[in-house]
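Everything on this sheet refers to the single structure shown next.
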Amino acid sequence: MENKNKIILALLMILTISVVGVCTFRVLNKNKEITDAIKFREEYIELNNKVNENNGKKYVEVTIDEDNTVKYATEKKIVELLENGTGVIYFGFSTCPWCRSLVSTLTDVAKSKNEIIYYLDVHNIRSTYEVKDGKLNQLKEGTSNYYKILDLLKEELEDFYLSDEEGNKYDTKEKRLYAPTLVAVKDGKVTKVHVGTIESQENGYDILNNDQLKELENIIKDLINSKNENEACTNEKC
């Protein structure tokens, strides 16, 4: 009888410790600050190996550290940066396959350089169009700040054309902020812009090999360095 009571007591102690442990874990995680870095990471890794229902293709898996240097930015903040600020801006969105090919390398390089990346999700702020019955129709107007961003980057962005099934091109009369687009800016002056990933990547769902990743890494490093190089240009020799 005494041994039975000891067993019951031991089981109760184990159960109590387990319950306390689970509760403590939940409290700690509940109180854990959801930083921009964590939010950004979760936004992108949530789609790892999931299938895009629109085309049946699997999203590329991305890896992003919890202590990445990404900061969410409002459209107003991006306008301010482009007008008179300094920093690196990333325009993209998590379901964009090309963005997913870029984002792991981008966050790794930025972290190694301790460089803040100002992130603006452009998925829902851009204008949208369709070609129907030989006519170009606007389905949705972009936000006012989106058009300000287009104007501030008008020298760097391409004109926006749509094509129909016969290959006829239609001019939207505006620029286009494609995803992904990286912009380095110093004191309101754009120092470098990079659109997409690398030329050899033909499909956003393709996994980049080591050589391609190294090429992308160098592109991102050059872009970040472009805004810092100007700091040394203080005389006529620059």
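A salt bridge links D159 and K175; the closest N-O separation between the charged side-chain nitrogens and carboxylate oxygens is under 4.0 Å. The existence of a salt bridge linking D151 and K154 is confirmed by a sub-4.0 Å separation between a basic side-chain nitrogen and an acidic carboxylate oxygen.
For the side chain to side chain contact (heavy atoms under 4.5 Å, CB included) test with K186, the passing option among K192, K227, E229 is K227; the others fail.
When atom types are taken as modelled, the side chain of S104 and the backbone of T63 share a donor-acceptor pair closer than 3.5 angstrom. N218 places no side-chain N or O within 3.5 Å of a backbone atom of E215 that could act as its donor or acceptor partner. Put simply, the side chain of R100 never gets that close to the backbone of E61: no donor and acceptor are under 3.5 Å apart. No donor-acceptor pair closer than 3.5 Å links the side chain of K57 to the backbone N or O of P97. No donor-acceptor pair closer than 3.5 Å links the side chain of T181 to the backbone N or O of L177. With hydrogens and angles disregarded, a donor-acceptor distance shorter than 3.5 Å links the side chain of D164 to the backbone of N168.
Between L47 atom CG and K58 atom NZ the span is 13.0 Å, to the nearest 0.5 Å. The distance from atom CG of N48 to atom CD1 of I64, rounded to the nearest 0.5 Å, is 8.0 Å. We find the CG-OG1 distance between L213 and T197 to be 10.0 Å, quoted to the nearest 0.5 Å. One finds the OG1 atom of T86 at 4.0 Å from the CG atom of D187 (value rounded to the nearest 0.5 Å). A distance of 5.0 Å separates CG in L106 from CD1 in I220, rounded to the nearest 0.5 Å. Rounding to the nearest 0.5 Å gives a distance of 10.0 Å between CG of L162 and OH of Y170.
Across all non-hydrogen atoms, the minimal contact from E141 to Y147 is CG-OH, 3.5 Å. Summarising the geometry of L120 relative to T74, their closest heavy-atom pair is CD1-C, 4.1 Å, with the distance given to 0.1 Å. Taking every heavy atom of both residues into account, E115 and T69 meet most closely at O-OG1, 2.6 Å. The heavy-atom pair separating E43 from D121 by the smallest distance is OE2-OD2, 3.8 Å. Scanning both residues, Y118 and G87, for their nearest heavy atoms gives CE1-CA, 4.3 Å. Pairing each heavy atom of S101 with each of G204, the nearest pair is OG-O, 3.2 Å.
More than 12 heavy atoms of other residues, nucleotides or ligands sit less than 6.0 Å from atom CG of N55. Around the CG atom of N203, the shell of radius 6.0 Å holds more than 12 heavy atoms that belong to other residues, nucleotides or ligands. Shown here is K148, whose NZ atom has no more than 12 heavy atoms of other residues, nucleotides or ligands within 6.0 Å. Other residues, nucleotides and ligands place more than 12 heavy atoms under 6.0 Å from the CD atom of E166. The number of heavy atoms from other shown groups lying within 6.0 Å of NZ (K71) does not exceed 12.
Placement of V183 and L81 within a single hydrophobic cluster is found when ILVMFWY residues are connected by side-chain heavy-atom separations under 4.5 Å, directly or transitively. Y178 and I78 fall within a single hydrophobic cluster, where Ile, Leu, Val, Met, Phe, Trp and Tyr side chains are chained together by heavy-atom contacts under 4.5 Å. Under a hydrophobic clustering in which Ile, Leu, Val, Met, Phe, Trp and Tyr are joined whenever their side-chain heavy atoms come within less than 4.5 Å, directly or via other members, W98 and I198 fall into different clusters. By the rule that hydrophobic residues join a cluster once side-chain heavy atoms approach within less than 4.5 Å of another member, I116 and F91 end up as members of one cluster. Under a hydrophobic clustering in which Ile, Leu, Val, Met, Phe, Trp and Tyr are joined whenever their side-chain heavy atoms come within less than 4.5 Å, directly or via other members, L150 and I89 fall into the same cluster.
Between R176 and S127 there is a side-chain heavy-atom pair separated by less than 4.5 Å. Within the 4.5 Å cutoff, the side chain of N225 has heavy atoms near those of the K113 side chain. Counting heavy atoms from C-beta outward, N137 and Y129 have side chains that stay 4.5 Å or more apart. Residues I125 and N145 form no side-chain contact, since every pair of their non-hydrogen atoms from C-beta on lies 4.5 Å or further apart. No side-chain heavy atom of V70 sits less than 4.5 Å from a side-chain heavy atom of D36. Annotation: side chain of S94 is not in contact with side chain of C99 (no heavy-atom distance under 4.5 Å).
Between the side chains of E174 and Y146, no donor N or O sits under 3.5 Å from an acceptor N or O. Counted by atom type alone, S200 and Q212 present one or more donor-acceptor pairs between their side chains at under 3.5 Å.
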Run the numbers on F40 and T107 for side chain to side chain contact (heavy atoms under 4.5 Å, CB included), then give the verdict.
CA-CA 10 Å; F40 180 79; T107 53; 3.9 Å; yes

From CA spacing to verdict: side chain to side chain contact (heavy atoms under 4.5 Å, CB included), D171, F160:
CA-CA 6 Å; D171 189 357; F160 185 27; over 6 Å; no

Steps toward side chain to side chain contact (heavy atoms under 4.5 Å, CB included) verdict (Y59, V51)
CA-CA 6 Å; Y59 287 114; V51 174; over 6 Å; no

Stepwise side chain to side chain contact (heavy atoms under 4.5 Å, CB included) test for T191 and L223
CA-CA 8 Å; T191 60; L223 182 134; over 6 Å; no

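A cation-pi arrangement is present between K39 and Y72, with the terminal nitrogen or guanidinium carbon under 6.0 Å from the aromatic centre and inside a 45° cone about the axis. A cation-pi arrangement, defined by a distance under 6.0 Å to the six-membered ring centre and an angle within 45 degrees of its axis, is present between K169 and Y161.
Ring-plane geometry between Y90 and Y44 is classed as tilted, the angle between the planes lying from 30 to 60 degrees on a 0 to 90 degree scale.
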